[in-house]
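What follows is a single structure, written as structure tokens, with notes after it.
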There are 2 protein chains.
Amino acid sequence: MSRGGKRQGAGRPKGAGPYGEETKPVRIPVSQVDRVRRFIRNREYALPLFACRVSAGFPSPADDYLEGSLDLNEHLVREPAATFFVRARGDSMTGAGIHDGDLLIVDRSRQAKDGSVVIASINGELSVKRYACSNGQARLMPENPAYSPIILNEGDDARLWGVVTSVVHRL
Amino acid sequence: MSRGGKRQGAGRPKGAGPYGEETKPVRIPVSQVDRVRRFIRNREYALPLFACRVSAGFPSPADDYLEGSLDLNEHLVREPAATFFVRARGDSMTGAGIHDGDLLIVDRSRQAKDGSVVIASINGELSVKRYACSNGQARLMPENPAYSPIILNEGDDARLWGVVTSVVHRL
DNA sequence: TTTTTTGAAATATGTAACACTTTTCAAAAA
DNA sequence: TTTTTGAAAAGTGTTACATATTTCAAAAAA
């Protein structure tokens, strides 16, 4: 027996899927499918960034206080292929805002400038130093009085591995 | 004229695409297509994390020094739907590793515990404070001697907006 | 009349299929 | 021996389709 027939407003409404939006097929490398699905499904990583010191109520996404939306990966990693992470040990770089256990984001493609914080290997040991360059002389400055600056000469067993672009401190 | 015919080894080799891997179509919400394409194409955000203080040469992905790979979004944001960013202003929280201009990652779904760093609105002004809870009394402690602790009473114009889980300090 | 059941309608979704592009290499031509 | 050529094999974006899900008015039941 027939129930109904053509009628307006029947059927599943548009945008009733989990995304509330139309979808389209995109080719994804098989190994990345799960990560992309997580990225899409569970996660919305373009999160709101608010300007601080608001005087009125709490800023909501509809507010003018919204500075924009931010994706941490895109914000903090300019060259993914040349970027790696290391965890800092010790308190010798607190002057640069680096504390014990902090995660350092290191870009190997960036050129160290005077004042850059860099990852350097000195005598085979990796460490964080501030790079100083003046009077044609390059030095590695620990921000710890217990150590003295290291002057870089040709042939030294010292090498810069990358520039620290950001420090992530967990509370 | 015919050139060739069936022969082994002819044709484009498998895995010769930009991903070096097979792909398959996955449905993506139209508004996210571009972000996903960037995520897939240009970017590989699961970046290597190295253990510091290596004694030998520079750690490479093949090394034992590799602690694992890390995605900043997944690592730093547990509840994307409840997370937002604010930028810190002023130097009143350096004791907690928060410096002027730092990006704060705030989770609204997390319960403030004694010692948590929280975002609170006090008299309509948003600020960062350390939450203290003892003897059944809750207080907001600025890490700045110029301000005094705020004791939270019922009916106060003070509200906790979320717990600061991480601080991102750019160099 | 009111409530419950039902199935056609409309959309969502994963994937096969396609049209087209790109790459490769052995055979043909030079 | 070197260069040209085109069929073969695989990559890629999109359409198409089979199936699943959701909705609601009409039919049936109470």
Side-chain angles (χ1 to χ4, degrees), chain A residues 1-48 60-62 66 68-84 108-109, chain B residues 1-48 60-62 66 69-75 77-84 108-109:
Chain A
M1 311 131 221
S2 169
R3 310 269 186 143
K6 207 155 253 172
R7 81 206 104 102
Q8 287 226 325
R12 193 174 183 169
K14 223 163 191 172
Y19 311 126
E21 192 184 348
E22 276 188 61
T23 62
K24 79 169 204 168
V26 171
R27 277 195 182 272
I28 307 292
V30 281
S31 71
Q32 305 257 357
V33 168
D34 285 344
R35 272 185 77 232
V36 169
R37 274 211 233 272
R38 244 179 306 156
F39 181 76
I40 288 301
R41 206 180 271 273
N42 308 339
R43 316 286 176 128
E44 176 48 77
Y45 283 122
L47 302 176
S60 76
L66 189 61
S69 71
L70 211 61
D71 181 303
L72 286 176
N73 281 335
E74 295 183 14
H75 183 63
L76 298 177
V77 183
R78 197 202 287 170
E79 293 289 341
T83 298
F84 63 90
R108 297 180 67 175
S109 73
Chain B
M1 311 133 222
S2 169
R3 310 268 188 147
K6 209 155 251 171
R7 77 206 108 101
Q8 289 226 325
R12 192 174 184 167
K14 221 164 191 171
Y19 311 128
E21 192 185 349
E22 276 189 59
T23 62
K24 78 168 202 169
V26 171
R27 277 194 181 272
I28 305 292
V30 282
S31 71
Q32 306 257 352
V33 168
D34 286 342
R35 273 184 76 232
V36 168
R37 273 211 234 271
R38 246 179 305 158
F39 181 76
I40 289 300
R41 206 180 268 275
N42 308 339
R43 317 279 175 135
E44 176 48 77
Y45 283 121
L47 303 176
S60 77
L66 189 61
S69 72
L70 211 62
D71 182 305
L72 287 176
N73 281 334
E74 295 183 13
H75 182 64
V77 183
R78 196 201 287 169
E79 293 288 343
T83 299
F84 63 90
R108 298 179 67 172
S109 73

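Just so we're on the same page: letters track the sequence lines, and every chain starts at 1.
Map A:Arg27 and B:Arg27 each onto its nearest nucleotide of DNA chain C; the residue landing nearer the 5' end is B:Arg27. Nearest-nucleotide assignment on DNA chain D puts the 5′-proximal partner with B:Glu21, out of A:Lys24 and B:Glu21. Positionally, the nearest nucleotide of DNA chain D for B:Glu22 lies more toward the 5' end than for the other of A:Pro25 and B:Glu22.
Distances were taken from every side-chain heavy atom of A:Pro13 (C-beta onward) to each of D:dC17, D:dT12, D:dT23; the shortest belongs to D:dT23.
Nucleotide C:dT1: paired with D:dA30 (Watson-Crick or G-U wobble, both distances less than 3.5 Å). Base pairing analysis places C:dC25 opposite D:dG6; the two distances defining the Watson-Crick or G-U wobble pair are each below 3.5 Å.
Regarding A:Lys14, its NZ atom lies at a distance of 14 Å from the C1' atom of C:dA9, rounded to whole Å.
The one candidate from A:Ile28, A:Val30, A:Asp34 that meets the side-chain contact (heavy atoms from CB on, under 4.5 Å) condition with A:Gln32 is A:Ile28.
The number of heavy atoms from other shown groups lying within 6.0 Å of CD (B:Glu22) does not exceed 12.
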